[in-house]
Amino acid sequence: MAKTLLICGGAGFIGSNFIRWLLANSDVSVVNYDALTYAGNLENLSDLESDPRYTFVHGDIRDAAALNKTVGEQDFDGIINFAAETHVDRSISGPAIFVDTNVSGTLALLECARAHGIRRFLQISTDEVYGTLGRDGTFTEHSQLRPNSPYAASKTSADLMVRAYHHTYGMDTVITRCSNNYGPRQFPEKLIPLMILNALDDEPLPVYGDGENVRDWIHVDDHCSAVWAVYCNANAGEVYNIGADGEQANMDVVRAILQILGKSERLIRFVADRPGHDFRYSVDASALRSNLGWQPRHSFEAGLRSTIEWYRANADWCAHVRSGAYREYYRQHYKL
Ligand code: NAD
Ligand code: DAU
């Protein structure tokens with residue numbers, strides 16, 4: 001019989017792309033359990049509503065009773081946890097919800113998985129747990145955990161709890177740590193969709209500091225295939241980095257977007273730097289490639305072009321996510 005997975009946080013950017021990827025590339029069924037915070041959007045999954053293998057449950061990972069009800073109702077093969085507060089800037093202005101959701105929420109989910117004897121628990125983590133790099137070097141799975149932002153500290157705490165559940169209770173857990181994702185349906189508080197949408201609307205493009213900070217970009221579909229490779233083939237207790245050798249300075253990303261859209265660099269506006277801004281991330285994903293045979297399919301150049309096309313072709317989605325509370329956040333954060 002085909003497996004059923006509980007996907008937590010499936011209405012967000014990566015979770016929704018993962019569910020779509022999984023239904024297209026496997027015969028599993030999916031229950032998407034999501035609290036629908038400002039970042040959760042059922043429009044991200046509207047094309048899947050009539051798929052009999054897809055079900056949505058509105059629920060919070062911090063709510064043990066609701067979790068137990070959902071998990072008790074059917075026979076789940078595993079849980080994949082994408083649910084989190086994810087934006088570094090928001091964690092700087094309000095860290096408490098990051099501890100609540102990312103740490104306490106993950107703990108509640110682990111407890112539920114343990115109580116119900118769930119076969120495998122995959123925690124979606126981030127390369128930010130390793131802290132920052134200078135101009136040289138790269139993060140391996142053995143790099144020290146040195147998180148710098150409240151967001152990164154909360155994700156690291158969750159990773160340590162997942163590790164503890166493996167060692168203490170013998171639970172089958174695995175952790176993935178991916179670099180910066182880009183692609184369709186990303187909430188436009190993150191660099192690439194923010195710059196694309198502002199450029200399309202001829203609004204200023206706010207670059208923090210001098211724009212020399214480096215991020216290691218991966219197309220979200222490559223992240224999805226990597227998560228599935230880890231879910232299916234990793235050994236219990238393992239950690240895998242995910243990355244596609246896509247290092248770019250922020251200014252280069254912004255310039256590339258303007259160039260593809262045929263817009264002027266005069267739209268670029270240098271603004272105050274992010275406090276504690278990590279300088280550079282670089283992920284060594286060689287273990288994933290050699291142990292599990294995974295490889296990325298998207299180059300940054302082609303992936304950025306197709307991503308820009310998606311936002312251009314989905315003006316309704318863009319208008320909806322940029323209305324109401326988003327405008328207020330934007331005004332307060334950027335003061336532009
Ligand atoms: P996102 O902010 O787009 O989506 C997060 C989702 O989690 C939303 O649907 C939201 O409603 C849901 N959620 C939040 N709190 C919840 C709660 N208490 N209970 C249930 N659902 C809740 O995030 P994303 O960018 O898609 O990131 C997904 C995961 O991947 C996160 O764990 C993040 O740390 C990790 N990650 C992200 C990136 C990236 O570049 N975006 C890179 C590496 C790892
Ligand atoms: O590395 C993985 C992480 O990538 C994930 O764990 C996080 O959930 C995700 O948000 C992302 O974190 P970053 O802080 O790297 O992403 P963000 O898009 O916020 O910023 C990317 C870079 O762009 C960073 O150096 C800050 C800069 N930036 C960002 C924004 C929003 C700007 O210069 N201007 C901006 O307006």
Side-chain angles (χ1 to χ4, degrees), residues 7-18 32-42 44-45 57-63 66-67 80-92 97-98 100-102 104-106 108-109 123-130 132 139 147-149 151-152 154-155 158 176-183 185-195 198 204-218 220 223 227 242-243 248-251 253-254 268-274 277-283 321 330 333-334 336:
I7 306 293
C8 299
F13 163 49
I14 304 173
S16 63
N17 279 289
F18 180 73
N32 173 17
Y33 183 93
D34 195 297
L36 299 181
T37 68
Y38 78 94
N41 181 358
L42 288 180
N44 290 345
L45 296 148
V57 174
H58 188 196
D60 193 310
I61 56 168
R62 295 168 295 176
D63 183 344
L67 271 179
I80 304 185
N81 182 28
F82 293 89
E85 288 293 330
T86 63
H87 191 38
V88 172
D89 293 327
R90 288 182 192 253
S91 83
I92 294 168
I97 182 76
F98 283 72
D100 257 19
T101 297
N102 299 357
S104 304
T106 302
L109 208 45
Q123 173 72 356
I124 303 293
S125 184
T126 166
D127 61 355
E128 295 199 17
V129 300
Y130 301 120
T132 187
F139 300 131
N148 288 324
S149 68
Y151 162 71
S154 69
K155 292 296 288 186
T176 56
R177 294 184 180 143
C178 190
S179 62
N180 284 64
N181 284 224
Y182 68 95
R185 305 176 186 82
Q186 186 167 29
F187 194 78
E189 62 187 354
K190 308 285 166 63
L191 181 76
I192 289 185
L194 175 69
M195 298 297 160
N198 280 16
L205 274 52
V207 173
Y208 297 162
D210 60 8
E212 288 307 307
N213 300 66
V214 173
R215 294 295 182 266
D216 191 351
W217 295 99
I218 182 171
V220 64
H223 186 184
V227 166
I242 302 174
Q248 299 279 338
N250 292 339
M251 275 306 284
V253 173
V254 172
I268 295 172
R269 184 81 52 88
F270 291 98
V271 298
D273 208 351
R274 172 185 281 173
H277 196 173
D278 282 345
F279 175 63
R280 174 173 163 259
Y281 304 143
S282 168
V283 167
V321 297
Y330 188 84
H333 181 69
Y334 292 99
L336 280 172

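Please read these numbers as outputs of a predicted model, since none were measured by experiment. Counting starts at 1 for both ligands and their atoms, following the listed order. Residues: numbered from 1 along the sequence shown.
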What about [X]: any of its N or O atoms under 3.5 Å from an N or O on ligand 2?
{"X": "Asp89", "value": "no"}
{"X": "Leu191", "value": "yes"}
{"X": "Pro206", "value": "yes"}
{"X": "Tyr281", "value": "no"}
{"X": "Asn213", "value": "no"}

Quick test of your reading of the structure: of [options], whose heavy atom lies closest to [atom]?
{"atom": "atom 44 (C) of ligand 1", "options": "Cys178, Cys8, Ser125", "answer": "Ser125"}
{"atom": "atom 31 (C) of ligand 1", "options": "Tyr38, Phe98, Phe18, Phe82", "answer": "Phe82"}
{"atom": "atom 14 (O) of ligand 2", "options": "Arg215, Lys190, Arg274, His87", "answer": "Arg274"}
{"atom": "atom 7 (O) of ligand 1", "options": "Gly59, Gly105, Ala84", "answer": "Ala84"}
{"atom": "atom 13 (P) of ligand 2", "options": "Glu128, Met195, Arg280, Lys155", "answer": "Glu128"}
{"atom": "atom 28 (N) of ligand 2", "options": "Tyr208, Trp217, Tyr151", "answer": "Tyr208"}

What atoms of ligand 1 come within less than 4.0 Å of a heavy atom belonging to Asn180?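 Ligand 1 atoms under the 4.0 Å threshold to Asn180: 40 (O).
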By number and element, which atoms of ligand 1 are closer than 4.0 Å to a non-hydrogen atom of Leu36?
->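 It comes down to these atoms of ligand 1: 11 (O).
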*asked:* For Phe13, does the six-membered ring have the charged nitrogen or CZ of Arg185 within the cation-pi criterion, i.e. under 6.0 angstrom from the centroid and within 45° of the normal?
replied: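 No, Arg185 does not lie over the aromatic ring of Phe13.
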Cut-off 3.5 Å, side chains only: do Tyr208 and Asp89 have a donor facing an acceptor?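 Yes, Asp89 and Tyr208 have a side-chain donor paired with an acceptor closer than 3.5 Å.
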I'd like to know if the side chain of Arg90 pairs up with that of Tyr38 as donor and acceptor (distance under 3.5 Å, no hydrogens or angles considered).
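Their side chains do contain a donor-acceptor pair, which is all the 3.5 Å distance test asks for.
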- Query: Side chains of Glu189 and Leu194: closer than 4.5 Å at any heavy-atom pair?
  - Reply: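 A side-chain contact under 4.5 Å is absent here.
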ask   = Arg177: what forms a salt bridge (Lys or Arg N to Asp or Glu O under 4.0 Å) with it, not counting sequence neighbours?
value =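 Asp159.
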Protein contact to [atom] [nearest heavy atom, distance to 0.1 Å]:
{"atom": "atom 27 (C) of ligand 2", "value": "Asn250 ND2, 3.4 Å"}
{"atom": "atom 40 (O) of ligand 1", "value": "Asn181 N, 2.9 Å"}
{"atom": "atom 4 (O) of ligand 2", "value": "Asn180 ND2, 3.1 Å"}

### Heavy-atom pair with the smallest gap, counting every atom of Pro204 and Asn198
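For Pro204 versus Asn198, the nearest heavy atoms are O-ND2, 2.9 Å.
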query = Nearest heavy-atom pair of Gly10 and Asp34: which atoms, and what distance?
reply =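 Reported closest heavy-atom pair: N-OD2, 3.3 Å.
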Note to self: Taking side-chain contact (heavy atoms from CB on, under 4.5 Å) as the definition, give me every residue that meets it alongside Asn148, ordered by chain and number, with sequence neighbours left out.
What the structure shows: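 Asn148: side-chain contact (heavy atoms from CB on, under 4.5 Å) contacts with Thr132, Asp278.
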(message) With respect to Tyr33, determine whether any N or O atom, backbone or side chain, lies less than 3.5 Å from an N or O atom of ligand 1.
(response)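 Min N/O separation from ligand 1 is not below 3.5 Å for Tyr33.
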